[in-house]
Amino acid sequence: MLHISTHGLFISSDFVIFKGMNLAPDKPAEFRIDVPLADFTTIHLGGAARYFVACQKIDEIISAISFYRTTGDPMVVLGGGSNVVFPDHGFNGLVLKVELKGVSFADDGDYMIVTAQAGESWDDLVKVCVNKCLAGIECLSGIPGTVGATPIQNVGAYGQEVKDTIASVKVIDRGTLDMTEFNSSDCRFGYRSSRFKREDKDRYLIVEVGYRLKKRGEPIVRYQELNDFLRKRENGAENTETKETNLKAIREAVLTLRKKKSMVIDPQDPNSRSVGSFFVNPVLGNSEFADFLLRVRSLSLDEPPTFSDGLGTKIPAGWLVENAGFHKGDRRGGVGISSGHALSLVNYSGTSEELLVLASEIEKSVLDKFGIKLKREAVIIE
Ligand SMILES: Cc1cc2nc3c(=O)[nH]c(=O)nc-3n(C[C@H](O)[C@H](O)[C@H](O)COP(=O)(O)OP(=O)(O)OC[C@H]3O[C@@H](n4cnc5c(N)ncnc54)[C@H](O)[C@@H]3O)c2cc1C
(Lines give C-alpha, C1' and ligand atoms only; values in the text may rest on other atoms or scores of the structure.)
Protein backbone atom coordinates (compact mmCIF):
# COMPACT_ATOMS: atom_id res chain seq x y z
CA MET A 1 0.00 0.00 0.00
CA LEU A 2 1.23 3.52 -0.76
CA HIS A 3 0.31 6.76 0.87
CA ILE A 4 1.08 10.24 -0.36
CA SER A 5 1.23 12.78 2.41
CA THR A 6 2.67 16.17 3.11
CA HIS A 7 5.51 14.35 4.83
CA GLY A 8 6.50 12.43 1.74
CA LEU A 9 5.76 8.99 0.34
CA PHE A 10 5.21 5.70 2.03
CA ILE A 11 6.26 3.19 -0.51
CA SER A 12 5.63 -0.52 -0.60
CA SER A 13 8.13 -2.77 -2.33
CA ASP A 14 5.90 -2.67 -5.42
CA PHE A 15 6.10 1.08 -5.59
CA VAL A 16 9.77 1.84 -5.99
CA ILE A 17 9.02 3.52 -9.33
CA PHE A 18 7.71 6.51 -7.43
CA LYS A 19 10.69 6.80 -5.11
CA GLY A 20 12.22 10.24 -5.03
CA MET A 21 9.13 12.12 -6.22
CA ASN A 22 8.55 15.23 -4.21
CA LEU A 23 4.93 16.14 -3.84
CA ALA A 24 3.22 18.11 -1.18
CA PRO A 25 -0.50 17.51 -1.66
CA ASP A 26 -2.99 18.86 0.85
CA LYS A 27 -4.59 15.53 1.52
CA PRO A 28 -3.22 12.02 1.58
CA ALA A 29 -4.42 9.68 -1.14
CA GLU A 30 -4.03 5.98 -0.74
CA PHE A 31 -2.88 3.96 -3.70
CA ARG A 32 -3.66 0.28 -3.61
CA ILE A 33 -1.95 -2.34 -5.72
CA ASP A 34 -3.44 -5.19 -7.77
CA VAL A 35 -7.05 -4.39 -7.00
CA PRO A 36 -9.63 -6.68 -8.68
CA LEU A 37 -11.88 -4.53 -10.84
CA ALA A 38 -14.76 -6.84 -11.73
CA ASP A 39 -16.86 -5.89 -8.71
CA PHE A 40 -16.36 -2.20 -9.39
CA THR A 41 -18.34 -2.73 -12.59
CA THR A 42 -21.97 -3.69 -13.17
CA ILE A 43 -20.99 -6.35 -15.71
CA HIS A 44 -18.55 -7.91 -13.23
CA LEU A 45 -15.75 -8.43 -15.73
CA GLY A 46 -12.05 -7.67 -15.84
CA GLY A 47 -8.84 -8.49 -14.01
CA ALA A 48 -6.98 -6.34 -11.51
CA ALA A 49 -5.84 -2.74 -11.69
CA ARG A 50 -2.12 -2.40 -11.19
CA TYR A 51 -2.86 0.71 -9.10
CA PHE A 52 -6.15 1.96 -7.69
CA VAL A 53 -7.05 5.08 -5.80
CA ALA A 54 -10.46 6.25 -4.58
CA CYS A 55 -10.72 10.02 -4.14
CA GLN A 56 -13.26 11.74 -1.94
CA LYS A 57 -11.82 15.25 -2.22
CA ILE A 58 -10.70 17.42 -5.13
CA ASP A 59 -7.28 17.82 -3.45
CA GLU A 60 -6.88 14.07 -3.48
CA ILE A 61 -7.71 13.90 -7.18
CA ILE A 62 -5.20 16.63 -8.04
CA SER A 63 -2.53 15.00 -5.90
CA ALA A 64 -3.15 11.58 -7.38
CA ILE A 65 -3.07 12.84 -10.98
CA SER A 66 -0.01 15.05 -10.53
CA PHE A 67 1.75 12.24 -8.74
CA TYR A 68 0.88 9.54 -11.24
CA ARG A 69 1.01 11.31 -14.60
CA THR A 70 4.79 11.71 -14.43
CA THR A 71 5.04 7.95 -14.87
CA GLY A 72 3.49 8.25 -18.33
CA ASP A 73 1.46 5.13 -17.59
CA PRO A 74 -2.23 5.01 -18.51
CA MET A 75 -4.98 6.14 -16.20
CA VAL A 76 -8.70 5.44 -16.25
CA VAL A 77 -11.28 7.50 -14.40
CA LEU A 78 -14.00 5.33 -12.91
CA GLY A 79 -17.45 6.29 -11.67
CA GLY A 80 -19.99 3.58 -10.96
CA GLY A 81 -18.51 1.20 -13.55
CA SER A 82 -21.83 0.79 -15.38
CA ASN A 83 -20.52 1.58 -18.83
CA VAL A 84 -17.03 0.05 -18.84
CA VAL A 85 -15.53 -3.32 -19.66
CA PHE A 86 -12.02 -4.00 -18.38
CA PRO A 87 -9.90 -6.72 -20.01
CA ASP A 88 -9.48 -10.12 -18.39
CA HIS A 89 -5.76 -9.49 -17.94
CA GLY A 90 -6.54 -6.36 -15.94
CA PHE A 91 -5.38 -2.80 -16.38
CA ASN A 92 -1.69 -2.04 -16.20
CA GLY A 93 -2.08 1.52 -14.95
CA LEU A 94 -4.00 3.58 -12.43
CA VAL A 95 -7.75 3.42 -11.93
CA LEU A 96 -8.92 6.59 -10.21
CA LYS A 97 -12.37 6.19 -8.73
CA VAL A 98 -14.28 9.43 -8.23
CA GLU A 99 -16.11 9.48 -4.91
CA LEU A 100 -16.79 13.20 -4.48
CA LYS A 101 -20.07 13.71 -2.63
CA GLY A 102 -22.48 16.58 -2.04
CA VAL A 103 -25.60 18.16 -3.54
CA SER A 104 -26.76 21.77 -3.26
CA PHE A 105 -29.85 23.65 -4.44
CA ALA A 106 -29.98 27.29 -5.57
CA ASP A 107 -33.11 29.23 -6.56
CA ASP A 108 -33.19 30.59 -10.10
CA GLY A 109 -36.67 32.05 -10.56
CA ASP A 110 -38.95 29.34 -11.92
CA TYR A 111 -36.01 26.99 -11.90
CA MET A 112 -33.74 25.38 -9.35
CA ILE A 113 -30.05 24.86 -10.04
CA VAL A 114 -29.14 21.50 -8.58
CA THR A 115 -25.38 21.11 -8.27
CA ALA A 116 -24.11 17.62 -7.56
CA GLN A 117 -20.60 16.33 -7.01
CA ALA A 118 -19.39 13.78 -9.53
CA GLY A 119 -19.41 10.76 -7.24
CA GLU A 120 -23.07 11.09 -6.26
CA SER A 121 -25.34 8.27 -7.40
CA TRP A 122 -27.28 9.46 -10.43
CA ASP A 123 -30.47 7.65 -9.54
CA ASP A 124 -30.42 8.93 -5.94
CA LEU A 125 -30.19 12.45 -7.36
CA VAL A 126 -33.12 11.83 -9.70
CA LYS A 127 -35.18 10.51 -6.78
CA VAL A 128 -34.42 13.54 -4.61
CA CYS A 129 -35.31 15.93 -7.44
CA VAL A 130 -38.54 14.11 -8.26
CA ASN A 131 -39.52 14.21 -4.57
CA LYS A 132 -38.86 17.95 -4.57
CA CYS A 133 -41.07 18.30 -7.65
CA LEU A 134 -38.19 19.47 -9.84
CA ALA A 135 -38.80 18.48 -13.44
CA GLY A 136 -36.42 17.61 -16.23
CA ILE A 137 -34.65 14.36 -15.32
CA GLU A 138 -37.55 12.13 -14.16
CA CYS A 139 -37.45 9.97 -17.33
CA LEU A 140 -33.80 9.22 -16.56
CA SER A 141 -34.81 7.23 -13.47
CA GLY A 142 -33.10 3.92 -12.85
CA ILE A 143 -29.95 4.60 -14.87
CA PRO A 144 -27.03 3.32 -12.84
CA GLY A 145 -23.74 5.12 -12.31
CA THR A 146 -22.62 8.50 -11.09
CA VAL A 147 -23.46 12.13 -11.76
CA GLY A 148 -19.96 12.78 -13.13
CA ALA A 149 -20.42 10.31 -15.97
CA THR A 150 -23.76 11.69 -17.17
CA PRO A 151 -22.27 14.40 -19.44
CA ILE A 152 -19.75 11.96 -20.95
CA GLN A 153 -22.23 10.24 -23.22
CA ASN A 154 -25.12 12.66 -22.69
CA VAL A 155 -27.07 10.03 -20.81
CA GLY A 156 -30.55 9.60 -22.16
CA ALA A 157 -33.67 7.47 -21.97
CA TYR A 158 -37.42 7.64 -22.56
CA GLY A 159 -37.24 10.92 -24.45
CA GLN A 160 -34.96 12.87 -22.10
CA GLU A 161 -31.23 13.55 -22.26
CA VAL A 162 -29.09 15.27 -19.64
CA LYS A 163 -28.11 17.89 -22.19
CA ASP A 164 -31.65 19.32 -21.88
CA THR A 165 -31.01 20.33 -18.26
CA ILE A 166 -27.25 20.55 -17.78
CA ALA A 167 -26.28 24.12 -16.90
CA SER A 168 -22.62 23.62 -15.99
CA VAL A 169 -19.91 20.98 -15.89
CA LYS A 170 -16.87 21.61 -13.71
CA VAL A 171 -13.75 19.75 -14.78
CA ILE A 172 -10.09 19.29 -13.98
CA ASP A 173 -7.83 19.25 -17.01
CA ARG A 174 -5.75 16.11 -16.47
CA GLY A 175 -2.83 17.69 -18.32
CA THR A 176 -2.61 21.12 -16.71
CA LEU A 177 -4.59 20.40 -13.51
CA ASP A 178 -6.54 23.62 -14.16
CA MET A 179 -10.15 23.70 -13.11
CA THR A 180 -12.64 24.94 -15.74
CA GLU A 181 -16.39 25.31 -15.86
CA PHE A 182 -18.20 24.58 -19.10
CA ASN A 183 -21.75 25.59 -19.97
CA SER A 184 -24.01 23.24 -21.87
CA SER A 185 -23.06 24.43 -25.35
CA ASP A 186 -19.33 24.19 -24.48
CA CYS A 187 -19.91 20.47 -23.90
CA ARG A 188 -20.90 19.95 -27.58
CA PHE A 189 -23.47 17.35 -26.75
CA GLY A 190 -24.74 14.95 -29.36
CA TYR A 191 -26.69 11.73 -29.34
CA ARG A 192 -24.93 9.55 -26.69
CA SER A 193 -21.93 11.76 -27.12
CA SER A 194 -20.13 14.94 -26.07
CA ARG A 195 -16.67 16.51 -26.40
CA PHE A 196 -15.71 14.34 -23.38
CA LYS A 197 -16.37 11.17 -25.35
CA ARG A 198 -15.00 12.43 -28.69
CA GLU A 199 -12.36 15.12 -29.25
CA ASP A 200 -11.49 15.54 -25.55
CA LYS A 201 -11.65 11.88 -24.60
CA ASP A 202 -9.59 11.30 -21.43
CA ARG A 203 -8.61 14.97 -21.20
CA TYR A 204 -10.91 16.05 -18.39
CA LEU A 205 -12.02 14.65 -15.08
CA ILE A 206 -15.51 15.87 -14.23
CA VAL A 207 -15.88 16.95 -10.62
CA GLU A 208 -19.30 18.59 -10.52
CA VAL A 209 -22.42 18.97 -12.66
CA GLY A 210 -25.16 21.60 -12.38
CA TYR A 211 -28.68 20.82 -13.65
CA ARG A 212 -31.36 23.47 -14.21
CA LEU A 213 -34.68 21.92 -13.28
CA LYS A 214 -38.16 23.41 -13.45
CA LYS A 215 -39.86 24.01 -10.12
CA ARG A 216 -43.27 22.35 -9.84
CA GLY A 217 -42.62 21.35 -13.42
CA GLU A 218 -45.10 19.40 -15.47
CA PRO A 219 -43.73 16.14 -16.77
CA ILE A 220 -43.35 16.07 -20.52
CA VAL A 221 -43.72 12.59 -21.90
CA ARG A 222 -42.22 12.38 -25.36
CA TYR A 223 -41.59 8.67 -25.58
CA GLN A 224 -44.30 6.54 -27.09
CA GLU A 225 -43.72 3.42 -24.99
CA LEU A 226 -43.88 5.47 -21.78
CA ASN A 227 -46.95 7.36 -22.97
CA ASP A 228 -48.70 4.08 -23.86
CA PHE A 229 -47.83 2.58 -20.50
CA LEU A 230 -49.15 5.59 -18.58
CA ARG A 231 -52.33 5.68 -20.62
CA LYS A 232 -52.95 1.99 -20.09
CA ARG A 233 -52.48 2.47 -16.38
CA GLU A 234 -54.95 5.33 -16.44
CA ASN A 235 -57.49 2.90 -17.92
CA GLY A 236 -57.50 4.21 -21.43
CA ALA A 237 -57.63 7.85 -20.46
CA GLU A 238 -57.07 10.44 -23.17
CA ASN A 239 -53.62 11.70 -24.12
CA THR A 240 -54.00 14.89 -22.04
CA GLU A 241 -53.94 12.72 -18.91
CA THR A 242 -50.20 12.28 -19.17
CA LYS A 243 -49.68 16.02 -18.74
CA GLU A 244 -51.37 15.90 -15.38
CA THR A 245 -49.46 12.85 -14.32
CA ASN A 246 -47.01 13.85 -11.64
CA LEU A 247 -43.29 13.34 -11.66
CA LYS A 248 -43.41 10.49 -9.16
CA ALA A 249 -45.78 8.55 -11.40
CA ILE A 250 -43.41 9.06 -14.32
CA ARG A 251 -40.48 7.83 -12.26
CA GLU A 252 -42.39 4.75 -11.14
CA ALA A 253 -43.54 4.03 -14.69
CA VAL A 254 -40.00 4.35 -16.03
CA LEU A 255 -38.66 2.07 -13.29
CA THR A 256 -41.35 -0.52 -14.03
CA LEU A 257 -40.60 -0.47 -17.76
CA ARG A 258 -36.86 -0.65 -17.14
CA LYS A 259 -37.17 -3.55 -14.68
CA LYS A 260 -39.13 -5.56 -17.25
CA LYS A 261 -36.12 -5.24 -19.56
CA SER A 262 -33.53 -5.86 -16.81
CA MET A 263 -32.32 -2.30 -17.30
CA VAL A 264 -32.21 -1.63 -13.58
CA ILE A 265 -29.37 -3.14 -11.56
CA ASP A 266 -30.76 -5.93 -9.43
CA PRO A 267 -28.43 -8.50 -7.83
CA GLN A 268 -31.28 -11.04 -8.09
CA ASP A 269 -31.56 -10.52 -11.85
CA PRO A 270 -28.67 -12.13 -13.77
CA ASN A 271 -29.73 -10.22 -16.91
CA SER A 272 -28.75 -6.97 -15.24
CA ARG A 273 -25.05 -7.96 -15.16
CA SER A 274 -24.46 -5.73 -18.14
CA VAL A 275 -23.39 -2.29 -19.25
CA GLY A 276 -26.93 -1.49 -20.39
CA SER A 277 -27.13 -1.09 -24.16
CA PHE A 278 -23.90 -2.32 -25.68
CA PHE A 279 -24.54 -0.54 -29.00
CA VAL A 280 -26.04 2.83 -29.85
CA ASN A 281 -28.87 3.26 -32.32
CA PRO A 282 -27.31 4.11 -35.69
CA VAL A 283 -28.25 7.48 -37.19
CA LEU A 284 -28.24 7.23 -40.99
CA GLY A 285 -27.91 9.96 -43.59
CA ASN A 286 -30.38 10.03 -46.51
CA SER A 287 -28.44 7.83 -48.92
CA GLU A 288 -27.43 5.33 -46.20
CA PHE A 289 -31.05 5.11 -45.14
CA ALA A 290 -32.16 4.54 -48.73
CA ASP A 291 -29.60 1.70 -49.09
CA PHE A 292 -30.78 0.23 -45.84
CA LEU A 293 -34.43 0.25 -46.94
CA LEU A 294 -33.49 -1.49 -50.19
CA ARG A 295 -31.81 -4.25 -48.23
CA VAL A 296 -34.76 -4.57 -45.86
CA ARG A 297 -37.18 -4.89 -48.78
CA SER A 298 -34.96 -7.35 -50.66
CA LEU A 299 -34.96 -9.52 -47.52
CA SER A 300 -38.78 -9.23 -47.32
CA LEU A 301 -38.55 -7.88 -43.78
CA ASP A 302 -41.01 -5.46 -42.22
CA GLU A 303 -39.47 -2.01 -41.94
CA PRO A 304 -38.37 -1.09 -38.42
CA PRO A 305 -39.83 1.89 -36.59
CA THR A 306 -37.57 4.85 -37.27
CA PHE A 307 -37.13 8.31 -35.82
CA SER A 308 -35.99 11.28 -37.88
CA ASP A 309 -34.47 14.51 -36.70
CA GLY A 310 -32.21 17.12 -38.26
CA LEU A 311 -29.25 14.75 -38.01
CA GLY A 312 -30.67 11.82 -39.90
CA THR A 313 -32.82 8.74 -39.37
CA LYS A 314 -32.34 6.73 -36.23
CA ILE A 315 -32.73 2.95 -36.57
CA PRO A 316 -33.29 0.81 -33.47
CA ALA A 317 -30.04 -1.15 -33.01
CA GLY A 318 -32.06 -3.87 -31.24
CA TRP A 319 -34.04 -4.44 -34.45
CA LEU A 320 -30.78 -4.81 -36.40
CA VAL A 321 -29.37 -7.28 -33.88
CA GLU A 322 -32.51 -9.42 -33.87
CA ASN A 323 -32.90 -9.36 -37.64
CA ALA A 324 -29.25 -10.25 -38.10
CA GLY A 325 -29.96 -13.61 -36.47
CA PHE A 326 -29.48 -12.99 -32.76
CA HIS A 327 -32.19 -13.40 -30.18
CA LYS A 328 -32.96 -12.33 -26.67
CA GLY A 329 -31.73 -15.07 -24.34
CA ASP A 330 -29.05 -16.40 -26.76
CA ARG A 331 -26.00 -17.75 -24.93
CA ARG A 332 -22.35 -18.09 -25.97
CA GLY A 333 -20.54 -19.86 -23.14
CA GLY A 334 -20.61 -17.61 -20.09
CA VAL A 335 -22.04 -14.59 -21.87
CA GLY A 336 -25.14 -13.87 -23.90
CA ILE A 337 -27.90 -11.52 -24.92
CA SER A 338 -30.30 -10.45 -22.19
CA SER A 339 -33.68 -12.14 -22.37
CA GLY A 340 -35.19 -8.71 -21.68
CA HIS A 341 -33.35 -6.51 -24.15
CA ALA A 342 -31.64 -7.37 -27.44
CA LEU A 343 -29.04 -4.62 -27.05
CA SER A 344 -27.86 -5.72 -23.66
CA LEU A 345 -24.96 -8.17 -23.63
CA VAL A 346 -24.81 -10.01 -20.34
CA ASN A 347 -22.05 -11.68 -18.37
CA TYR A 348 -23.48 -14.74 -16.64
CA SER A 349 -20.18 -16.36 -15.68
CA GLY A 350 -17.92 -15.53 -18.60
CA THR A 351 -14.98 -13.38 -19.57
CA SER A 352 -14.41 -10.05 -21.27
CA GLU A 353 -12.93 -11.95 -24.19
CA GLU A 354 -16.10 -13.99 -24.66
CA LEU A 355 -18.17 -10.82 -24.44
CA LEU A 356 -16.11 -9.02 -27.07
CA VAL A 357 -16.19 -12.06 -29.38
CA LEU A 358 -19.98 -12.03 -29.16
CA ALA A 359 -20.04 -8.26 -29.77
CA SER A 360 -17.82 -8.67 -32.86
CA GLU A 361 -19.99 -11.51 -34.14
CA ILE A 362 -23.07 -9.29 -33.88
CA GLU A 363 -21.29 -6.34 -35.52
CA LYS A 364 -20.15 -8.50 -38.43
CA SER A 365 -23.60 -9.99 -39.02
CA VAL A 366 -25.29 -6.57 -38.93
CA LEU A 367 -22.70 -5.16 -41.33
CA ASP A 368 -22.98 -8.11 -43.72
CA LYS A 369 -26.77 -8.12 -43.74
CA PHE A 370 -27.67 -4.44 -43.49
CA GLY A 371 -24.47 -2.59 -44.44
CA ILE A 372 -24.53 -0.76 -41.10
CA LYS A 373 -21.51 -0.53 -38.81
CA LEU A 374 -22.76 -0.66 -35.24
CA LYS A 375 -21.09 1.71 -32.80
CA ARG A 376 -20.34 0.56 -29.27
CA GLU A 377 -21.85 2.61 -26.48
CA ALA A 378 -19.84 0.78 -23.82
CA VAL A 379 -16.30 1.97 -23.07
CA ILE A 380 -13.91 -0.91 -23.75
CA ILE A 381 -10.65 -0.53 -21.85
CA GLU A 382 -7.58 -2.14 -23.40
C1 LIG B 1 -28.57 -1.79 -16.50
C2 LIG B 1 -28.03 -0.55 -17.17
C3 LIG B 1 -28.88 0.34 -17.78
C4 LIG B 1 -28.38 1.49 -18.42
N5 LIG B 1 -29.26 2.35 -19.01
C6 LIG B 1 -28.79 3.47 -19.62
C7 LIG B 1 -29.70 4.38 -20.25
O8 LIG B 1 -30.91 4.19 -20.23
N9 LIG B 1 -29.19 5.47 -20.85
C10 LIG B 1 -27.84 5.74 -20.87
O11 LIG B 1 -27.45 6.76 -21.43
N12 LIG B 1 -26.97 4.90 -20.28
C13 LIG B 1 -27.41 3.77 -19.66
N14 LIG B 1 -26.52 2.90 -19.09
C15 LIG B 1 -25.08 3.17 -19.18
C16 LIG B 1 -24.48 3.85 -17.93
O17 LIG B 1 -25.27 3.64 -16.80
C18 LIG B 1 -24.30 5.35 -18.12
O19 LIG B 1 -23.45 5.58 -19.22
C20 LIG B 1 -23.70 6.00 -16.88
O21 LIG B 1 -23.71 7.39 -17.04
C22 LIG B 1 -22.28 5.55 -16.57
O23 LIG B 1 -21.96 6.06 -15.30
P24 LIG B 1 -20.79 5.46 -14.44
O25 LIG B 1 -20.57 6.37 -13.28
O26 LIG B 1 -21.09 4.04 -14.09
O27 LIG B 1 -19.57 5.55 -15.44
P28 LIG B 1 -18.40 4.50 -15.64
O29 LIG B 1 -18.94 3.25 -16.23
O30 LIG B 1 -17.60 4.37 -14.41
O31 LIG B 1 -17.55 5.27 -16.74
C32 LIG B 1 -18.06 5.45 -18.04
C33 LIG B 1 -17.13 6.40 -18.81
O34 LIG B 1 -17.17 7.68 -18.21
C35 LIG B 1 -15.89 8.05 -17.72
N36 LIG B 1 -16.11 8.75 -16.45
C37 LIG B 1 -16.85 8.31 -15.41
N38 LIG B 1 -16.87 9.25 -14.44
C39 LIG B 1 -16.12 10.27 -14.88
C40 LIG B 1 -15.73 11.54 -14.34
N41 LIG B 1 -16.14 11.94 -13.13
N42 LIG B 1 -14.93 12.34 -15.08
C43 LIG B 1 -14.49 11.96 -16.30
N44 LIG B 1 -14.81 10.78 -16.86
C45 LIG B 1 -15.61 9.95 -16.16
C46 LIG B 1 -15.11 6.78 -17.60
O47 LIG B 1 -13.71 7.02 -17.72
C48 LIG B 1 -15.66 5.98 -18.75
O49 LIG B 1 -15.05 6.38 -19.95
C50 LIG B 1 -26.99 1.74 -18.44
C51 LIG B 1 -26.12 0.82 -17.82
C52 LIG B 1 -26.63 -0.30 -17.20
C53 LIG B 1 -25.69 -1.27 -16.54
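In each ligand, atom 1 is the first atom listed, and ligand 1 is the first ligand listed.
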Exercise for the section: Taking the side chain as every heavy atom from C-beta outward, state whether L320 and F292 have any atom pair closer than 4.5 Å. Expected result: yes
Exercise for the section: Using distance alone, decide if ligand 1 has a nitrogen or oxygen within less than 3.5 Å of any nitrogen or oxygen in P144. Expected result: yes
Handout entry: T180 side-chain N/O to V171 backbone N/O, donor-acceptor pair under 3.5 Å
Key = no
Exercise for the section: Please verify whether a non-hydrogen atom of G156 lies at under 4.0 Å from ligand 1. Expected result: yes
Problem - S262 and D269 side chains, donor-acceptor separation under 3.5 Å - result: yes
Problem - Pick from I265, V77, I381, L96: the one approaching atom 47 (O) of ligand 1 most closely through a non-hydrogen atom - result: V77
Exercise for the section: Could you check atom 31 (O) of ligand 1 against the protein and tell me its nearest heavy-atom contact, residue, atom and distance included? Expected result: V84 CG1, 3.9 Å
Exercise for the section: Please write down residue, atom name and distance for the protein heavy atom closest to atom 24 (P) of ligand 1. Expected result: G80 N, 3.4 Å
Exercise for the section: Going by the side-chain hydrogen bond (donor to acceptor under 3.5 Å, both in side chains) test, name the single residue among T115, D164, T150 that passes it with Y211. Expected result: T150
Handout entry: Sub-4.5 Å side-chain heavy-atom contact between Q224 and F307
Key = no
Handout entry: Proximal candidate to atom 42 (N) of ligand 1 [heavy atom criterion; set I152, I206, T146]
Key = I206
Handout entry: Heavy-atom check, side chain of T146 versus side chain of V98, under 4.5 Å
Key = no
Exercise for the section: Verify, without hydrogens or angle tests, whether D88 (side chain) and S352 (backbone) share a donor-acceptor contact under 3.5 angstrom. Expected result: yes
Problem - N/O separation below 3.5 Å, S274 to ligand 1 - result: no
Exercise for the section: Among residues two or more places apart or on two chains, list those pairs meeting salt bridge (charged side-chain N to carboxylate O under 4.0 Å, His left out) that have a residue in residues 352-366. Expected result: R332-E361, E363-R376, K364-D368
Problem - Neighbour count above 12 (heavy atom, 6.0 Å) for N131 CG - result: yes
Completion exercise
Residue, atom and distance of the protein heavy atom nearest atom 19 (O) of ligand 1 read Q153 NE2, 2.9 Å
Completion exercise
ligand 1 to I143, heavy atom cutoff 4.0 Å, flagged ligand atoms 6 (C), 7 (C), 8 (O), 9 (N), 13 (C), 17 (O)
Handout entry: Exceeds 12 heavy-atom contacts within 6.0 angstrom, atom CZ of R216
Key = no
Practice task
Can you sort out which atoms of ligand 1 are near G276, meaning under 4.0 Å from one of its heavy atoms?
Solution key: 2 (C), 3 (C), 4 (C), 50 (C), 51 (C), 52 (C), 53 (C)
Practice task
Could you walk me through whether E161 and R192 pass salt bridge (charged side-chain N to carboxylate O under 4.0 Å, His left out), step by step?
Solution key: CA-CA 9 Å; E161 293 179 305; R192 289 301 169 279; 3.8 Å; yes
Problem - Electrostatic pair K215:D107 at N-O distance under 4.0 angstrom - result: yes
Problem - Whether S272 side chain and D266 backbone form a donor-acceptor pair below 3.5 Å - result: yes
Handout entry: K201 to ligand 1, any heavy atom closer than 4.0 Å
Key = no
Exercise for the section: Identify, for atom 21 (O) of ligand 1, the protein heavy atom at the shortest distance, and state residue, atom and that distance. Expected result: V155 CG2, 3.2 Å
Practice task
For the pair D123 and R251, evaluate salt bridge (charged side-chain N to carboxylate O under 4.0 Å, His left out) and give the outcome as yes or no after the intermediate values.
Solution key: CA-CA 10 Å; D123 191 48; R251 175 170 165 81; 2.9 Å; yes
Practice task
Would you check whether V264 has a nitrogen or oxygen atom less than 3.5 angstrom from a nitrogen or oxygen atom of ligand 1?
Solution key: no
Problem - Distance filter under 4.0 Å to E377 heavy atoms, resulting ligand 1 atoms - result: 12 (N)
Practice task
Report the relative orientation of the aromatic rings in F370 and W319; use parallel for angles under 30°, tilted for 30 to 60°, perpendicular for over 60°.
Solution key: tilted
Handout entry: Contact check: V76 vs ligand 1, nitrogen or oxygen atoms, below 3.5 angstrom
Key = no
Practice task
Enumerate the atoms of ligand 1 whose separation from the nearest heavy atom of L205 is less than 4.0 angstrom.
Solution key: 42 (N), 43 (C)
Problem - Closest candidate by heavy atom, reference atom 22 (C) of ligand 1, pool S82, S338, S262, G79 - result: S82
Exercise for the section: List, by chain and then residue number, the residues other than F86 in its hydrophobic cluster (Ile/Leu/Val/Met/Phe/Trp/Tyr, side-chain heavy atoms under 4.5 Å); write none if there are no others. Expected result: V35, L37, F40, F52, V76, L78, V84, F91, V95, V379, I381
Practice task
Could you tell me if any non-hydrogen atom of R258 lies under 4.0 Å from any atom of ligand 1?
Solution key: yes
Exercise for the section: Taking only heavy atoms of G145 into account, list the atoms of ligand 1 that are under 4.0 Å away from them. Expected result: 23 (O), 24 (P), 25 (O), 26 (O)
Completion exercise
For A157, the atoms of ligand 1 under 4.0 Å from one of its heavy atoms are 8 (O)
Practice task
Could you list which atoms of ligand 1 come closer than 4.0 Å to a heavy atom of R192?
Solution key: 11 (O)
Exercise for the section: Determine, using heavy atoms of W122 and all atoms of ligand 1, whether some pair is separated by less than 4.0 Å. Expected result: no
Exercise for the section: Name the closest protein heavy atom to atom 28 (P) of ligand 1, giving the residue it belongs to and the distance to 0.1 Å. Expected result: G81 N, 3.6 Å
Fill in the blank from the handout: To atom 23 (O) of ligand 1, the nearest of A149, A378, S277, S272 on a heavy-atom basis is A149
Completion exercise
Per-atom filter on ligand 1: closer than 4.0 angstrom to a heavy atom of V275 are 15 (C), 50 (C), 51 (C), 52 (C), 53 (C)
Practice task
Kindly confirm or rule out an N or O of V98 lying under 3.5 angstrom from an N or O of ligand 1.
Solution key: no
Completion exercise
atom 29 (O) of ligand 1 has as its nearest protein heavy atom N83 N, 2.7 Å
Completion exercise
Logged contact type for V379 with ligand 1, heavy-atom cut-off 4.0 Å, is side chain
Practice task
Look only at interatomic distance and state if N154 has a nitrogen or oxygen under 3.5 Å from any nitrogen or oxygen of ligand 1.
Solution key: no
Problem - Side chains of I250 and C139 in contact at under 4.5 Å (non-hydrogen atoms) - result: yes
